[in-house]
Amino acid sequence: MTEVRTRFAPSPTGLLHIGGVRTALFEVLLAHHYGGKAILRIDDTDRERLVPGAVDALISDLRWVGLIFDEGPFPQSERLARYKEISEELIARGFAYRCDCTAERLAQEREEQAARKEPLGYSGYCRNRGVSASVPHVVRFKIPEDRAITLHDAVKGDVHWEKIALRDTVLLKSDGFPTYHLATVVDDRDMRISHILRADEWLSTAPLHLLIFEAMEWPAPVFAHLPPVLGADGKKLSKRHGATFLSSFREAGYLPEAILNFIALIGWSAGEGEEQEIFSMEELTRRFTLERVNNAGGVFSYEKLNWMNGVYIRNLPPEDLQARLEPVLAKAGLAVDSEKLRRILPQVRERLQLLPDAVPLVDFLFKQSIDRDMPAMLKKGMDAAKAREICVAAAEKLASLATFDTPAIEAALREVAESAGGKSGPVFTVVRIAVTGKTITPPLFESIYALGREQTIARLRETAALL
RNA sequence: GGCGCUAUCGUCUAACGGUUAGGACGGGGCCCUCUCAAGGCCCAAAUAAGGGUUCGAUUCCCUUUAGCGCUACCA
């Protein structure tokens, strides 16, 4: 078997989209599964839509998410001479021709076709006009009139066209840049790409690509058209569906590992009755094959991604989580004390779906003064006098502890609850709000341990004074 | 309109032509419990419709329906 070589060819017209990430992932998985190479190509042939800085953003996004390419990036804009050369050869071979039709003429043609309710598209006016190379022109491919063609697609199966529904398509634009159709075929040939993995939306133009390979007498690579990643409305996922750029997932506190795992499962499954959902990159690489790629589109579910992100967070070694959390907390304006955070980490770890979820859980550790939810403290039959008693007693008990650790704190507070007469729940709620300010916190004893004796006692006394 | 693709729980999906159609997310309930989570157990929830082929269709074929994509000097 010849080397498996795949390519990911994003166009630098904006930020990397989550659908693009899925394509990139599949390119890398397939290549590496077979011990081959994944190539990064930059499809910058449309200079009108080119966004400055997009290439750098693309590369840093790919690096962040952990998708590594073996070759590239190769910008297509640096290969203009090569595309020109091939377009000339296509003309020489009789498969393409120069066309100098103006935009106005094209628009008028289209108008007339619309009036006659004909399919829109270039009429082929210049096919035999022998337009000179010295006037401004484009190069068009001569789509054969009656030509049946079959694409053997690795995921769609055989796709057959009795007649190619395309009109004479532009290969080389008047500015000397190639269109996607020319550039992709030439590059796939020159870069010895063995498998073309790309989004479903390219299926309709695949006959043209096949025809170009054929015209040049180049063997065509394996084609694999990937099912689309959909929004909740069943349409192709796009900005309209909310945060779909990879960078926004990064900012929202998703883990790259979770994103890759999750996105792999849209359009691919391990099969064989496999019920596993969590796969490392290594496992994915080992198990990924085109045979297991689905052909129906899949809706991108933020709910399931959130769940999976939580799973990945829980599986993170504490030091690793801490390293990822500290910048997030700092960004939220907290003066992080690493030691305090370290103490409470195991408790917050299982309470997170997204990294920033930690902020409201731990902010009480890093604030000088806290706001307390007093109405919540005095609910369910708890009156101020009793709450005050509890705070005072708790402060005393904690102050008298020989060792200030979680078991000791628990014992102390249970004693307080008992002498306050009865249920621990309401008592702990008072202490919880007194110390953290909130009703929802990490477990109480650990929270107190992390806060430290001094601050805890101070907050209990503060609360008593408030009541 | 033309051409093409697609069709299993709400969502992601599994199921050599033979299963009580399985799992996961989400939803509901119970357990655990100092709040919130996490975890455990349980429940509801699907083969788009109609025709074939077959002893037997989720699975193969056809039609219909629905959705999506393409139909640019964009990718």
Side-chain angles (χ1 to χ4, degrees), chain A residues 9-11 13 43-46 48-49 99 101 103 106 110 114 117-122 137-140 151 153 156-157 159-167 169-175 177-181 183-184 198-207 225 227-228 230 232-236 262 265-278 294-308 310-311 314 347-353 357 360-361 376 410 413-414 417 423-429 431-433 436 438-445 447:
Chain A
S11 50
T13 52
D43 197 340
D44 56 350
T45 56
D46 183 351
E48 280 177 28
R49 295 203 308 153
C99 163
C101 290
L106 262 19
R110 208 157 303 163
K117 289 188 179 164
E118 280 174 15
L120 308 183
Y122 183 59
H137 65 275
V138 300
V139 175
R140 288 180 185 274
L151 168 72
D153 191 275
K156 299 288 180 193
V159 183
H160 183 77
W161 286 264
E162 200 45 50
K163 217 175 167 176
I164 299 162
L166 301 169
R167 298 302 190 100
T169 316
V170 172
L171 297 181
L172 198 69
K173 301 183 247 184
S174 54
D175 63 3
F177 279 71
T179 58
Y180 171 88
H181 311 294
T184 194
R198 52 160 44 157
D200 220 332
E201 66 206 76
W202 292 108
L203 191 56
S204 315
T205 46
H225 288 93
L230 278 13
D233 58 358
K235 291 192 171 43
K236 224 175 64 183
F262 175 73
L265 263 22
I266 297 181
W268 175 86
S269 66
E272 301 162 17
E274 182 61 76
E275 286 172 3
Q276 184 179 344
E277 301 265 344
I278 305 298
N294 205 161
N295 38 19
V299 174
F300 186 94
S301 160
Y302 288 84
E303 289 70 35
K304 189 159 184 178
L305 204 214
N306 287 347
W307 163 78
M308 192 172 280
V311 171
R314 271 170 254 131
Q347 313 302 327
V348 307
R349 189 168 72 151
E350 64 193 38
R351 264 155 262 260
L352 307 180
Q353 283 202 320
D357 290 347
L361 290 175
E410 171 161 10
L413 292 183
R414 289 201 186 280
K423 302 270 284 174
S424 56
V427 173
F428 292 165
T429 297
V431 177
R432 165 171 285 113
I433 294 172
T436 69
K438 313 179 183 200
T439 55
I440 298 174
T441 72
L444 222 212
F445 318 127
S447 295

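Just the heavy atoms: all of them, side chains too, but no hydrogens, waters or symmetry mates, feed the values below. Naming: A, B, ... by sequence-line order, numbering from 1 per chain.
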Please produce a list of atom pairs where a protein N or O lies less than 3.5 Å from an N or O of nucleotides 20-22 of chain B.
| residue | atom | partner | partner atom | Å |
| --- | --- | --- | --- | --- |
| B:rG22 | O2' | A:Glu275 | OE2 | 2.8 |

| note | Sorted by chain and residue number, the salt bridge (charged side-chain N to carboxylate O under 4.0 Å, His left out) partners of A:Asp200 (sequence neighbours excluded) come out as A:Lys156
| With sequence neighbours excluded, residues passing salt bridge (charged side-chain N to carboxylate O under 4.0 Å, His left out) with A:Glu118 | A:Arg116
| remark: Those residues at least two apart in sequence (or on a different chain) that pass side chain to side chain contact (heavy atoms under 4.5 Å, CB included) with A:Glu350 are A:Arg314
| query | What residues form a side chain to side chain contact (heavy atoms under 4.5 Å, CB included) with A:Arg432, not counting sequence neighbours? | reply | A:Thr436, A:Thr441, A:Leu444
Using the test ring pair (Phe, Tyr, Trp, His ring centres under 6.0 Å), find all partners of [X] that sit at least two apart in sequence or belong to another chain.
X	value
A:His181	A:His209
A:Phe428	A:Phe445
A:Trp161	none

Show each protein N/O and nucleotides 62-66 of chain B N/O combination with a separation under 3.5 Å, one pair to a line.
none

| Of A:Gln276 and A:Phe428, whose closest RNA chain B nucleotide lies nearer the 5' terminus? | A:Gln276
| field | Residue whose nearest RNA chain B nucleotide is more 5′ - A:Glu277 or A:Lys117 | value | A:Lys117
| query | Which one, B:rC5, B:rC25, B:rA7, comes nearest to the side chain of A:Ala296? | reply | B:rA7
| query | Which nucleotides of nucleotides 69-75 of chain B have their base under 4.0 Å from a protein heavy atom (B), which only their sugar-phosphate (S), and which neither (-), written as one string 5' to 3'? | reply | BSS-BBB
| said: So if I define the base as every atom that isn't primed, P, OP1 or OP2, how would nucleotides 35-50 of chain B read as a B/S/- string at a heavy-atom cutoff under 4.0 Å? | reply: BBBSS-----------
| Is the shortest side-chain N to carboxylate O distance from A:Glu48 to A:Lys173 below 4.0 Å? | no
| message | Can you measure A:Asn295 atom CG to B:rG67 atom C1' for me and round it to whole angstrom units? | response | 15 Å
Show each protein N/O and nucleotides 9-11 of chain B N/O combination with a separation under 3.5 Å, one pair to a line.
none

| field | A:Lys438 side-chain N/O to A:Pro360 backbone N/O, donor-acceptor pair under 3.5 Å | value | yes
| said: Taking only the C1' atom of each, what is the distance from B:rC12 to B:rG52 in whole angstrom? | reply: 32 Å
| request: Describe the nucleic acid contact of A:Asn294 in one word from base, sugar-phosphate, nothing, applying a heavy-atom distance below 4.0 Å. | output: sugar-phosphate
